[in-house]
Protein chains: 2
Amino acid sequence: MSKQIYPMPFTRLELCVFALLETELTVLQVRREEAPSKGKWALPGGVLRIDLDADLESAAQRVAGERLGTHLPYLRLQTAVGGKSRDPRSPWTLSIAYRATVRADALATSPGKRVEAIRWAGAGETASDNSLAFDHSAIIAAAVQDLRNEVENLELPWGLLPAEFTLGELQHHCEMILDRPLDKSSFRRRLADRDCVEAVRGQLRGAAHRPAQVYRGCPMHR
Amino acid sequence: MSKQIYPMPFTRLELCVFALLETELTVLQVRREEAPSKGKWALPGGVLRIDLDADLESAAQRVAGERLGTHLPYLRLQTAVGGKSRDPRSPWTLSIAYRATVRADALATSPGKRVEAIRWAGAGETASDNSLAFDHSAIIAAAVQDLRNEVENLELPWGLLPAEFTLGELQHHCEMILDRPLDKSSFRRRLADRDCVEAVRGQLRGAAHRPAQVYRGCPMHR
DNA sequence: TCAAAAGTGTTTGGGTTACACCCATGG
DNA sequence: CCATGGGTGTAACCCAAACACTTTTGA
């Protein structure tokens with residue numbers, strides 16, 4: 001056996017990039033301008049290049065650079081799906097899906113190679129309405145669930161938080177992700193217990209009313 | 001773009017098969033009889049065959065059949081790892097790891113294709129001592145952690161349980177997996193709350209002492 | 001009658017929810 | 001001085017840990 005006596009699957013990376021837009025958790029999608037599922041929306045993705053990519057995560061970062069024009073911090077492996085009839089371009093396609101959270105404005109103005117249209121679409125709906133190309137809706141559904149689980153255990157989505165924030169802002173972000181209200185008091189106590197955030201000495205921010213203490217993530221988790 | 005203009009990675013499946021042996025959680029390993037890491041122990045695995053396998057899970061089942069001579073129930077995707085220098089047989093290797101739990105006796109007497117030596121080795125140690133071929137120790141470490149997490153939330157490892165069991169046996173199994181004692185009373189109450197097991201009507205089993213009610217998994221979770 | 005395991009109840013404590021209440025500021 | 005969000009305290013509650021206790025069998 002050994003070297004390449006069997007044909008190998010067409011291997012791709014797909015990116016589940018989440019952000020908060022207005023009041024909603026959204027996923028980044030691109031419109032397909034080419035043959036399979038032309039005109040449909042899909043996750044941004046690209047082919048694994050064994051000549052360019054040192055490992056899976058580098059590959060995902062390269063794809064992010066090409067398609068979205070940006071590096072993605074806090075990128076995590078989400079899942080792998082593969083099978084015969086997933087993508088008509090190849091008899092057997094394997095997709096490795098990565099997940100990231102970003103601030104929506106971080107890549108507002110940078111379309112990438114072979115990408116003409118980009119949109120942020122509501123995560124919950126997209127996950128359930130099955131409207132995306134290939135099996136991308138299912139991938140998103142799982143990613144949303146995993147993201148929510150993380151936030152429930154206060155593994156904060158640093159990618160979509162500003163470097164510094166007030167606890168009110170942080171809570172609001174979490175509420176949008178989870179799509180449910182949180183109790184202010186318990187939220188803060190839980191944060192304090194696991195010390196995942198630290199107060200920025202002296203910094204206060206006054207919006208319209210009483211100024212709030214500014215925090216940032218503890219270096220440990222950030 | 002499209003059809004195969006780029007070389008694709010050497011794509012494999014690796015199996016993390018757990019069982020209880022004596023008092024310990026163990027992982028199934030095979031000794032490599034061929035070139036890379038010859039003589040070292042490794043996870044059983046095999047090459048993805050796009051001509052034979054309909055999807056990733058079927059591929060894993062085929063590999064299980066060939067190497068271990070058995071079907072693996074309750075098989076779950078564990079992780080994906082890929083990179084340039086993981087396996088000297090190919091410039092770029094991608095491994096999809098699956099995880100399963102079985103009863104140790106289910107495959108005691110069935111070596112498979114190209115497998116001469118098989119062993120069950122302590123899961124905790126193997127995970128930490130880094131003695132396996134390739135990066136398989138790291139894969140096992142993650143798999144052990146995920147398995148323990150599941151058992152902590154009473155997602156029972158049906159694969160390694162007999163069809164019918166007493167609550168004492170069930171608790172003992174869980175304790176071996178978690179490597180810590182559990183409280184009988186709370187264990188039973190938690191089981192009851194989530195009704196994951198159901199009493200088998202009338203069935204009692206007397207070993208040496210007071211006979212115990214026999215249970216089986218609820219169809220829901222089983 | 002004793003050992004051993006099955007099975008049950010009761011107390012305690014940690015952590016979260018729900019909600020009330022004060023504080024500081026701009027208008 | 002009032003509306004608004006920041007910030008803190010308290011009681012109720014849920015769940016699980018800890019542990020004591022009763023029950024039922026074989027030896």
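Naming convention: chains lettered A, B, ... in sequence-line order (proteins, then strands); numbering from 1 in each chain. Just so it is clear, the values below take in all heavy atoms, side chains as well, and ignore hydrogens, waters and symmetry mates. What you see is a predicted model; the values in this text were computed from it and never measured.
Note that NE2 of A:H173 is 12.5 Å distant from CG of A:L178, once rounded to the nearest 0.5 Å.
At whole-Å resolution of the value, CZ in B:R189 and P in D:dC19 are 15 Å apart. Atoms CD (B:Q203) and P (C:dA6) sit 17 Å apart, rounded to a whole Å. In this structure, A:R190 atom CZ and C:dA18 atom P are separated by 12 Å, rounded to whole Å. B:Q213 has its CD atom 10 Å from the P atom of C:dT8, to the nearest Å. Between A:R205 atom CZ and C:dG26 atom P there is a gap of 15 Å when expressed in whole angstrom units.
Less than 4.0 Å separates DNA chain C from at least one heavy atom of each of the following residues of residues 164-188 of chain A: A:D183, A:S185, A:S186.
With sequence neighbours excluded, the residues forming a salt bridge (charged side-chain N to carboxylate O under 4.0 Å, His left out) with A:R180 are A:E152, listed by chain and number. Residues forming a salt bridge (charged side-chain N to carboxylate O under 4.0 Å, His left out) with B:E150 (at least two apart in sequence, or on another chain): B:R76, B:R99. Legend: residues meeting side-chain hydrogen bond (donor to acceptor under 3.5 Å, both in side chains) with A:R188, ordered by chain and number and at least two apart, are absent.
Using a 4.0 Å cut-off between charged nitrogen and carboxylate oxygen, A:D135 and A:R86 count as a salt-bridge pair.
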Residues 204-211 of chain B, side-chain donor-acceptor partners within the protein, below 3.5 Å, at least two apart:
| from | atom 1 | to | atom 2 | distance (Å) |
| --- | --- | --- | --- | --- |
| B:R205 | NH2 | B:E169 | OE1 | 2.9 |
| B:R205 | NH2 | B:E169 | OE2 | 2.5 |

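A:I177 is listed as a side-chain neighbour of A:L160, based on a closest heavy-atom distance under 4.5 Å.
Here the nucleotide nearest the side chain of A:A212, chosen from D:dG7, C:dA6, C:dT10, is D:dG7.
Between the side chains of A:E57 and A:Q61, not a single donor N or O lies within less than 3.5 Å of an accepting N or O.
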Using the 3.5 Å cut-off, write out each protein N or O paired with an N or O of nucleotides 22-27 of chain D and the distance between them.
| from | atom 1 | to | atom 2 | distance (Å) |
| --- | --- | --- | --- | --- |
| D:dT23 | O2 | B:R210 | NH1 | 2.5 |
| D:dG26 | O4' | B:A208 | O | 2.5 |

